[in-house]
Asker: 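Here it is: the structure, laid out below.
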Amino acid sequence: MKLRFDRRSVLKGMLGGSAVYVGLPVLDAFLDTNGTAFASGAPLPVRFGTYFWGLGLTDTPTGGSRWVPTKAGPGYELMPELEALAPLKDKVSVFSGFRAIGDGRANLVHWTGHASILSGIAPASASKFDAPSFDTKVADAIGTSTRFKSIDIDASVSRQPVSYSTRSGSTFASPDATPLALYHRLFGPDFQDPNSDNWKPNPSIMLRQSVLSAVTEQRHALMKGLGKDDQLKMDQYFSSVRDMENQLAVQLQRPEKAQACVVPQAPKDPTRISSVDVVNANTKVMAKLLAMGLACNQSRVFTFVHTSGASETYLAGQSKIYHQITHDEPTDAKLGYQPESSKLAGEVMKGLGVFLAELDAIKEGEGTLLDNSIVLAFSDTGYAKIHAIENIPMFLAGRAGGRHKAGQHVAGKGDSVTRVSLTAMQLAGAPIGEFGVGSMKTTHPIGEVMA
């Protein structure tokens, strides 16, 4: 009898007396004639993420740059600090000349730049945003059908875990800061293989949902006895509870098969030192776990921190950290730039190259997971020596399922960074028509890169 396979099929066998299941990749036989959707008509999902690193890239006092291509449009040349992106150049668009606009507010060093990109407003004080980070808006739009609305990761091996994702502006997400922590979140006891024929609702999840439901049912009685301010606080609290209920409800529904999903082995955590080679190795491990988590439909949205704004990374054998070098190192008279700072910038960009390569290594349909993603990669500053918030490096990577006309250099000429942010949101599929406040308010995404 001839066996029939479809996108829900798995290979089954026995190993040591236990049943094992291996998911199939997204084969052409499972797709429509265009190779862009499943034969049933279900589209391949678009994933969205942010990738942050500190201290920007290298500009020079005379107006030169070690990262900005000399020509705008498609087919840009790879500048020295972008060489790590060479294998994926056609899937990465470069945005130069965009700036954060303070509208009279002071430049809060290692904070104003990325706060403006993520929240759309220059912050009034350090350590807080004046609005939610926009990744939460994307998560609300495309992240409700997965186990986790968003995954937050810090690969920096720093003393304090770092995240710039916030719904309130003052409280930031608690990221997974080690490979093992990320593994347990994605593939720990509550993970259920979407390809398993033996899938059934987890009783512990059912119990947790019933507890949350009971709390929600008592809300009206509690609210009646509270003052207006307390009612507002409790309403915000119960909104969070409802979000959690919805995410738990997702786990009680049989998931779609994910042919690219293969559960990885638990990793080892890295040595807790911030040498840039260690941080990049950690980035590779955590990117590999994240990529498989996305392929297994555990989430469709993520935030990833490579290093914090005031980066503590250093080259192996050096005594000074990157942050200190950017300020202490003089500009080389012959070269016209800071050579050690530029070397570190190139190493940091290797981290981004490694990260994107892991997304690109997973095949989906006619393309890869990266082809079905859009990643906004950015930093906190342009020229780190003077904490500039002009010409902040920004990149869009991935094809967003065909929505992103990738492989271009767009010269912003002083435009607000929020235009790139709005473009990223719309490429991810979020129904958002405007973003930002004051001089950074925009309704104009960057049409050149949108299909």
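Residues: numbered from 1 along the sequence shown.
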Asker: For T166, give me all partners under side chain to side chain contact (heavy atoms under 4.5 Å, CB included), at least two apart in sequence or on another chain.
Answerer: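 Partners of T166 by the side chain to side chain contact (heavy atoms under 4.5 Å, CB included) criterion, ordered by chain and then number, come out as F129, S133, S168, F172.
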Asker: With a 4.0 Å cut-off, would you call E364 and R47 a salt bridge?
Answerer: yes
Asker: Can you confirm whether L44 sits close enough to E366 that some side-chain heavy atom of one is under 4.5 Å from a side-chain heavy atom of the other?
Answerer: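 Side chain of L44 against side chain of E366, heavy atoms only: no contact under 4.5 Å found.
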Asker: Given the rule in the side chain to side chain contact (heavy atoms under 4.5 Å, CB included) test, do V276 and L315 qualify, once you have shown the distances and angles that lead to the verdict?
Answerer: CA-CA 6 Å; V276 69; L315 291 170; 3.9 Å; yes
Asker: Going through the checks in order, is the side chain to side chain contact (heavy atoms under 4.5 Å, CB included) test met by W53 and L55?
Answerer: CA-CA 7 Å; W53 79 95; L55 302 177; 5.9 Å; no
Asker: With sequence neighbours left out, what residues match F134 under ring-ring contact (aromatic ring centres under 6.0 Å, His included)?
Answerer: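 F134 satisfies ring-ring contact (aromatic ring centres under 6.0 Å, His included) with F48, F435 once adjacent residues are dropped.
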Asker: Is it true that a side-chain atom of D154 and a backbone atom of V162 form a donor plus acceptor pair closer than 3.5 Å?
Answerer: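 Here the side-chain-to-backbone pair exists.
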Asker: How about L344 and Q318: do any of their side-chain heavy atoms sit closer than 4.5 Å?
Answerer: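 L344 reaches Q318 side chain to side chain.
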Asker: Are T58 and Q338 close enough that a side-chain donor and a side-chain acceptor fall under 3.5 Å?
Answerer: no
Asker: Does S379 reach the main-chain N or O of G56 with its side chain, forming a donor-acceptor pair under 3.5 Å?
Answerer: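 Side chain of S379 to backbone of G56, a donor-acceptor pair under 3.5 Å: yes, one is there.
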Asker: Which heavy atom in D176 sits nearest to a heavy atom in A181, and how many Å separate them?
Answerer: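 Answer, listing the atom of D176 first, then A181: OD1-O, 3.8 Å.
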Asker: Enter the distance from T146:OG1 to L294:CG here, rounded to the nearest 0.5 Å.
Answerer: 9.0 Å
Asker: Report all side-chain donor-acceptor pairs from residues 437-451 shorter than 3.5 Å, counting only partners two or more places apart or in another chain.
Answerer:
unit_1, atom_1, unit_2, atom_2, d
S439, OG, D103, OD1, 2.5
T442, OG1, H444, N, 3.0

Asker: Looking at side-chain heavy atoms only, is the closest gap between L356 and L370 below 4.5 Å?
Answerer: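 SC-SC contact between L356 and L370 confirmed.
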Asker: Just checking Q160: does its CD atom have more than 12 heavy atoms from other residues, nucleotides or ligands closer to it than 6.0 angstrom?
Answerer: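 Open: at most 12 neighbouring heavy atoms sit under 6.0 Å from CD of Q160.
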Asker: May I have the step-by-step check of side chain to side chain contact (heavy atoms under 4.5 Å, CB included) for T50 and H114, ending in yes or no?
Answerer: CA-CA 11 Å; T50 63; H114 58 280; over 6 Å; no
Asker: Do T144 and K149 have side chains that approach each other closer than 4.5 Å (heavy atoms only, starting at C-beta)?
Answerer: yes
Asker: Quick one: sort the H323 and H327 rings into parallel, tilted or perpendicular, breaks at 30° and 60°.
Answerer: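 Plane angle over 60°, so perpendicular.
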Asker: Distance check, rounded to the nearest 0.5 Å: D130 atom CG versus S125 atom OG?
Answerer: 6.5 Å
Asker: Please give me the minimum heavy-atom distance between A428 and V138, naming the atom from each residue.
Answerer: CB-CG1, 4.0 Å
Asker: Can you list everything that forms a side chain to side chain contact (heavy atoms under 4.5 Å, CB included) with A266? Sequence neighbours excluded, please.
Answerer: L180, Y183
Asker: How long is the gap from CD on Q426 to CD1 on I432, to the nearest 0.5 Å?
Answerer: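 With rounding to 0.5 Å, CD (Q426) is 8.0 Å from CD1 (I432).
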Asker: A side-chain contact here means heavy atoms from C-beta on lying under 4.5 Å apart; do V410 and F98 qualify?
Answerer: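 V410 reaches F98 side chain to side chain.
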Asker: Would you list the pairs meeting salt bridge (Lys or Arg N to Asp or Glu O under 4.0 Å) in which at least one residue belongs to residues 55-68, sequence neighbours left out?
Answerer: none
Asker: Counting distance only, does the side-chain N/O of T368 pair as donor-acceptor with the main-chain N or O of A361 below 3.5 Å?
Answerer: no
Asker: Answer yes or no: is there a donor N or O on one side and an acceptor on the other, between the side chain of N107 and the main chain of H387, under 3.5 Å?
Answerer: yes
Asker: Indicate the atoms forming the closest heavy-atom contact of I374 with L427, along with that distance.
Answerer: CD1-CD1, 3.9 Å
Asker: Return the set of residues passing salt bridge (charged side-chain N to carboxylate O under 4.0 Å, His left out) with R99 (not counting sequence neighbours), or none when no residue passes.
Answerer: none
Asker: Apply salt bridge (charged side-chain N to carboxylate O under 4.0 Å, His left out) to K350 and E347, showing your working.
Answerer: CA-CA 5 Å; K350 286 182 182 178; E347 291 298 314; 3.0 Å; yes
Asker: What's the spacing between C296 SG and L186 CG if we round to 0.5 Å?
Answerer: 8.5 Å
Asker: If you define the side chain from C-beta out and look only at heavy atoms, does anything of I389 sit under 4.5 Å from S116?
Answerer: no
Asker: Show which side-chain atoms of residues 303-313 pair as donor or acceptor with protein atoms under 3.5 Å away, not counting sequence neighbours.
Answerer:
unit_1, atom_1, unit_2, atom_2, d
T303, OG1, D152, OD1, 2.6
H306, NE2, N280, OD1, 2.7
T307, OG1, G54, N, 3.0
S311, OG, T313, N, 3.2
S311, OG, T313, OG1, 2.8
E312, OE2, R159, NH2, 2.6

Asker: Would you find a donor on one side and an acceptor on the other, under 3.5 Å apart, between the side chain of W111 and the backbone of K128?
Answerer: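 It does hold such a pair.
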Asker: Quick check: do V301 and I142 have side-chain heavy atoms less than 4.5 Å from each other?
Answerer: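 In short, these two side chains touch, coming nearer than 4.5 Å.
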Asker: Quick one: CG on L290 to CD1 on I153, what's the gap to the nearest 0.5 Å?
Answerer: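 L290 atom CG to I153 atom CD1 measures 4.0 Å (nearest 0.5 Å).
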Asker: Can you see which heavy atom on I325 is nearest to which on S341, and at what distance?
Answerer: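 Shortest heavy-atom contact: CG2-OG, 3.6 Å.
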Asker: Indicate yes or no for a side-chain donor-acceptor contact from S421 to the backbone of I117 under 3.5 Å, with no hydrogens or angles considered.
Answerer: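 Yes.
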Asker: Under 3.5 Å, is there a donor on one side chain and an acceptor on the other for E81 and S342?
Answerer: yes
Asker: How far apart are the C-alpha atoms of I151 and Q298, what are their side-chain angles, what is the distance that settles it, and do they pass the side chain to side chain contact (heavy atoms under 4.5 Å, CB included) test?
Answerer: CA-CA 9 Å; I151 297 291; Q298 299 303 289; 5.9 Å; no
Asker: Can you list every ring pair (Phe, Tyr, Trp, His ring centres under 6.0 Å) pair that touches residues 356-386, not counting sequence neighbours?
Answerer: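 Applying ring pair (Phe, Tyr, Trp, His ring centres under 6.0 Å) to every pair that reaches into residues 356-386, excluding sequence neighbours, yields F52-F378.
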Asker: Return the CZ to CG distance between F395 and L57, rounded to the nearest 0.5 Å.
Answerer: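 F395 atom CZ to L57 atom CG measures 5.5 Å (nearest 0.5 Å).
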Asker: Of the non-hydrogen atoms in A124 and L108, which two are nearest, and what is the gap between them?
Answerer: C-CD1, 4.0 Å
Asker: Would you mind writing out the side-chain donor-acceptor pairs for residues 82-96 within the sub-3.5 Å range, not counting sequence neighbours?
Answerer:
unit_1, atom_1, unit_2, atom_2, d
K89, NZ, Y76, O, 2.4
K91, NZ, D360, OD1, 2.6
K91, NZ, D371, OD1, 3.1
K91, NZ, D371, OD2, 3.4
S93, OG, H404, NE2, 2.9
S93, OG, G407, N, 3.4
S93, OG, Q408, N, 3.4
S96, OG, H409, NE2, 2.7

Asker: With sequence neighbours left out, what residues match Q324 under side chain to side chain contact (heavy atoms under 4.5 Å, CB included)?
Answerer: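 Once residues adjacent in sequence are excluded, the partners of Q324 under the side chain to side chain contact (heavy atoms under 4.5 Å, CB included) criterion are K320, I321, D328.
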Asker: Test of understanding: with salt bridge (charged side-chain N to carboxylate O under 4.0 Å, His left out), list the residues that count as partners of K288, not counting sequence neighbours.
Answerer: E358
Asker: Identify the heavy atoms of L352 and Y51 that sit nearest to each other, and give their distance.
Answerer: N-OH, 3.2 Å
Asker: Just wondering, do D135 and Y164 contact through their side chains at under 4.5 Å, heavy atoms?
Answerer: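 No. Closest side-chain heavy atoms not under 4.5 Å.
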Asker: Sequence neighbours left out, what pairs pass salt bridge (Lys or Arg N to Asp or Glu O under 4.0 Å) with at least one residue falling in residues 414-424?
Answerer: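 Checked against salt bridge (Lys or Arg N to Asp or Glu O under 4.0 Å) - neighbours excluded - the pairs reaching residues 414-424 are D415-R419.
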